[in-house]
2 protein chains.
Amino acid sequence: MKWTDLDDNWCPVARTLSLVGDRWTLLILRDCFLGLSRFDQFVLSTGATRHLISDRLKRLVEAGILEKQAYSERPKRYEYVLTEKGHEFSPALVAFKDWGKKHLPVRRATQG
Amino acid sequence: MKWTDLDDNWCPVARTLSLVGDRWTLLILRDCFLGLSRFDQFVLSTGATRHLISDRLKRLVEAGILEKQAYSERPKRYEYVLTEKGHEFSPALVAFKDWGKKHLPVRRATQG
DNA sequence: GTTTTAAGTTCCAAATAAGAACTTTGTAAG
DNA sequence: CTTACAAAGTTCTTATTTGGAACTTAAAAC
């Protein structure tokens with residue numbers, strides 16, 4: 001079964017996962033809540049390949065979670081910002097953050 | 001970058017994702033909160049392959065999120081139950097559920 | 001005119017996942 | 001004892017996804 005097949009599952013958790021249920025998508029969303037909005041920022045911050053970031057941003061825009069906005073006309077440059085729908089996803093990330101802070105302490109320093 | 005490399009990331013969200021940040025793991029956890037606990041139940045309920053379920057359960061046990069408990073001695077049979085650490089993950093799933101209910105209405109009926 | 005910056009896309013090798021069949025350990029039925 | 005059944009995995013082969021580096025496009029800066 002492909003994970004996008006979950007999009008019509010009876011369970012709202014499964015439907016949510018069909019959209020954002022992978023590591024990089026959620027990491028991109030985290031970045032958005034931290035104020036990042038540009039392609040290369042996501043690449044640097046997440047450590048994912050450009051290919052993946054490209055694909056996930058497309059998905060998130062299609063889903064109405066992010067919005068592509070021009071921040072420069074010449075050269076044409078776009079950034080990705082959270083929609084209202086996207087903003088309302090914050091409780092999930094906060095829950096992840098709280099759980100991680102409590103149960104997964106860092107063992108050595110890294111830059112992410 | 002491999003996603004398990006996120007386990008020592010400075011960000012608690014990233015660390016959490018390194019453990020549970022994939023579709024099937026989160027679906028298994030949902031099932032646990034719904035009261036399921038056995039291998040074949042997870043296979044049926046999630047629609048994932050036995051291989052995947054096997055792998056993810058192993059990970060979750062190693063991480064101390066689930067506990068393998070014998071429910072029959074002969075034949076030896078085990079079930080998987082949430083630990084305290086696992087139980088404390090519920091706010092994240094509740095957030096997913098709420099978001100899904102609000103933003104992703106079902107289009108046609110399915111069995112999951 | 002060469003370098004730099006931003007936002008992607010393309011290519012190929014490597015890793016992961018899908019799907020079905022098979023294994024193991026034991027119970028119950030004929 | 002031989003067949004059937006059940007639960008919990010494992011194994012196998014094929015398909016899909018991901019990783020990593022290089023390339024593209026468009027304009028500005030040097």
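- Every residue meeting the salt bridge (charged side-chain N to carboxylate O under 4.0 Å, His left out) condition with B:R56, not counting sequence neighbours, appears here in chain and number order: B:D22.
- OP1 or OP2 of D:dT10 lies within a sub-4.0 Å distance of a side-chain N or O belonging to B:K58.
- Residue A:R56 has a polar side-chain atom (N or O) positioned under 4.0 Å from OP1 or OP2 of D:dT18.
- Among residue pairs with one or both ends in residues 89-104 of chain A, those qualifying as salt bridge (charged side-chain N to carboxylate O under 4.0 Å, His left out) are A:K102-B:E88; sequence neighbours excluded.
- Residue-level contact check: A:F42 touches neither bases nor backbone, having no heavy atom under 4.0 Å from any strand.
- B:S37 places no side-chain N or O within 3.5 Å of a backbone atom of B:Y80 that could act as its donor or acceptor partner.
- Considering only residues two or more places apart in sequence or on other chains, B:F89 meets the ring-ring contact (aromatic ring centres under 6.0 Å, His included) condition with A:F96, A:W99.
- Applying the salt bridge (charged side-chain N to carboxylate O under 4.0 Å, His left out) test to every pair with at least one member in residues 35-45 of chain B, sequence neighbours left out, gives these pairs: B:D40-B:R50.
- A straight line from CD of B:Q41 to P of D:dA6 spans 15 Å, rounded to a whole angstrom.
- For A:Y80, a side-chain nitrogen or oxygen approaches OP1 or OP2 of C:dG8 to under 4.0 Å.
- Within the structure, the salt bridge (charged side-chain N to carboxylate O under 4.0 Å, His left out) test picks out the following pairs touching residues 70-81 of chain B (sequence neighbours left out): B:E73-B:K76.
- A:S54 has no side-chain polar atom (N or O) that falls below the 4.0 Å cut-off from OP1 or OP2 of C:dG8.
- Taking only distance into account, the side chain of B:R77 meets the base of D:dA7 through a donor-acceptor pair shorter than 3.5 Å.
- A heavy atom closer than 4.0 Å to some atom of DNA chain C occurs in A:K68, A:Y71, these being the qualifying members of residues 59-75 of chain A.
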Polar pairs (N or O, both sides) under 3.5 Å between protein and nucleotides 18-22 of chain C?
residue : atom : partner : partner atom : Å
C:dA18  : OP1  : A:M1    : O            : 2.8
C:dG19  : OP2  : A:M1    : N            : 2.1

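- Between the CG atom in B:L60 and the CG atom in B:L29 there is a gap of 5.0 Å [rounded to 0.5 Å].
- Listed by chain and residue number, A:W24, A:T46, A:L52, A:I53 satisfy the side chain to side chain contact (heavy atoms under 4.5 Å, CB included) test with A:A48 (two or more places apart in sequence, or in another chain).
- Atom CD1 of A:I28 and atom C1' of C:dG8 are 14 Å apart (whole Å).
- Partners of A:D55 by salt bridge (charged side-chain N to carboxylate O under 4.0 Å, His left out), not counting sequence neighbours, listed by chain and number: A:R59.
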